[in-house]
Amino acid sequence: MNFPEELKYTEDHEWIKVDGTTGFIGLTDHAQGELGDVVFIDIEEDIEEIELGESFGTIEAVKTVADILAPVNGKVLEINTALNDNPETVNNDPYGEGWLIKIEITDPSELDKLMDVNAYKVLIGQ
Amino acid sequence: MKQTIFQQMHLDAKAKMVSFAGDEMPIQYPQGIIHEHNVVRNDVGVFDVSHMGEFEVRGKDALAFVQKITINDASKLNPGNVQYSAMCKPDGGIVDDLLVYNMDTYFMLVVNGANIDKDYAWCLENTKGMDVELTNMTDEINLLAVQGPKSLDTLNGLADVDMSEIEFYNYKLGKLNAVEMILSRTGYTGELGFELYFKGDKAVAEGVWKAVFEAGKAHNIEPVGLGCRDTLRLEKCYCLYGNDIDETTNPIEAGLGWITKLAKGEFNGSDVIAKVKEDKPNRRLVGFMVEAEKFIPRHNYKISLEGKEIGHVTSGNISPTLGKGIGLAYVAWDNKASGTKIDIEARGKKFAAEIVKLPFVK
């Protein structure tokens with residue numbers, strides 16, 4: 001399994017990639033592996049904000065359904081609509097084309113509370 | 001945790017193993033459930049279903065015993081025939097669904113892996129006063145299900161009998177890879193397929209596994225797990241014990257009237273079942289298709305009609321063939337008509353669905 005060093009991670013297996021005040025959010029390789037085949041990603045089209053720790057959408061996999069929780073507060077800039085036709089991208093490229101949502105980070109200090117790659121690896125026993 | 005005799009084969013194929021019915025079973029292999037689903041629909045896949053239970057019934061009263069504990073008419077079975085049936089409690093609740101094999105000199109009952117102990121105890125109790133010898137053969141019998149349109153081509157040259165002559169719900173005795181077995185044209189996928197029952201140790205079992213995969217190589221054969229077993233059966237609307245049927249459901253409301261042969265005479269639950277049939281049950285197992293976007297129904301989600309709760313989902317998943325959410329549900333008898341628009345409730349929201357004719361995939 002692959003865990004890029006430049007990302008921040010949550011206990012709920014989301015990652016956030018930070019570029020200035022912009023953040024891309026997705027699911028970790030571990031999470032997609034546990035979920036198995038992802039078939040739908042349901043994020044409200046008109047969502048404007050995401051709220052730290054709150055669900056902003058659901059992932060339907062064959063085996064189960066999971067909430068996607070916001071790692072930080074933010075304003076929604078873009079939803080990855082390419083996943084509507086190709087949800088399996090979340091399985092195949094979880095840190096790249098499989099990103100879920102792009103946000104403007106409201107308070108960058110919230111990032112400090114997230115895990116770095118080493119802490120995340122400990123969490124999942126890697 | 002018990003392991004099946006094919007454990008090493010699963011590990012070699014990098015299966016994801018889970019606990020199921022007291023056994024460690026493969027839920028999927030690396031390419032995933034949807035891929036495996038399509039393998040079975042298009043080519044041929046092999047399930048290890050050795051967790052299933054097999055009971056042998058012998059003795060002068062063997063037929064009378066099977067007639068008493070099962071709801072279908074086992075007297076119609078000739079040697080070589082297999083029958084889908086169910087066992088009921090006196091109150092009509094379903095103890096288990098099962099296959100009944102007429103093995104000429106005895107009957108073989110094939111029951112769900114999760115119910116083996118319960119079923120054996122129930123069967124044993126019912127042998128009282130009868131000349132019946134009941135034997136639990138589960139630990140001695142290995143079972144592989146070879147399923148898919150290419151299953152016949154895979155097995156035909158391998159077995160010493162002409163597999164193409166075995167009709168649906170029939171079996172032949174023969175040898176495959178020099179191992180004696182029951183070659184049964186049955187399965188839980190709705191595809192052309194065979195189930196292979198045979199005895200033997202790890203070397204024998206792995207020998208059969210490898211021979212089947214060698215023969216299937218030209219037909220894109222792959223090992224497939226319990227995950228796709230569920231999506232495959234759901235597309236064909238086969239009941240899953242513990243989800244769609246259990247001791248609180250009767251065969252009439254579960255849509256199993258077609259295997260309930262009240263004309264055969266008295267059997268466990270027959271009085272109650274006859275009354276349910278006459279009075280019409282309160283609810284009915286139906287199939288529904290999700291119309292809402294990006295939603296998969298799941299076990300126990302509530303179902304409502306114009307705001308009024310009318311039932312609950314018993315099985316739900318995505319249909320990989322249709323690309324839509326599908327499911328089975330109990331709904332109030334008066335709301336069971338196909339075309340009825342229903343709502344499925346999950347996460348505080350309502351998702352539109354419609355009751356449809358079965359099966360989902362022809």
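Basis for what follows: all heavy atoms, side chains included, without hydrogens, waters or symmetry-related copies. Throughout, a chain's letter reflects where its sequence line sits, starting with A, and its residues are numbered from 1. Fair warning: this is a prediction, and the values are worked out from it, not measured in the lab.
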* To do: Any chance you could measure B:I27, atom CD1, to A:K63, atom NZ, to the nearest 0.5 Å?
  => 5.0 Å
* **Sorted by number, residues from residues 291-302 of chain B in contact with chain A (heavy atoms, under 4.5 Å)** => B:K294, B:F295, B:I296, B:R298, B:Y301
* Asked: Sequence neighbours excluded, which residues qualify as ring pair (Phe, Tyr, Trp, His ring centres under 6.0 Å) partners of B:Y330?
  -> none
* **Segment of A:V62 engaging chain B (4.5 angstrom heavy-atom cut-off)** => both
* Do other residues, nucleotides or ligands put more than 12 heavy atoms under 6.0 Å from B:E354 CD? -> yes
* Could you check if a side-chain atom of A:V65 sits within less than 4.5 angstrom of a side-chain atom of B:R347, using non-hydrogen atoms only? => yes
* Under a 4.5 Å heavy-atom cut-off, does chain B meet the side chain of A:T58, its backbone, both or neither? -> side chain
* **Which portion of B:I33 sits near chain A, non-hydrogen atoms under 4.5 angstrom** => both
* Asked: For A:D19, does the CG atom have more than 12 heavy-atom neighbours from other residues, nucleotides or ligands under 6.0 Å away?
  -> no
* Tell me, do A:D37 and B:I318 make a side-chain contact under 4.5 Å, heavy atoms counted? -> no
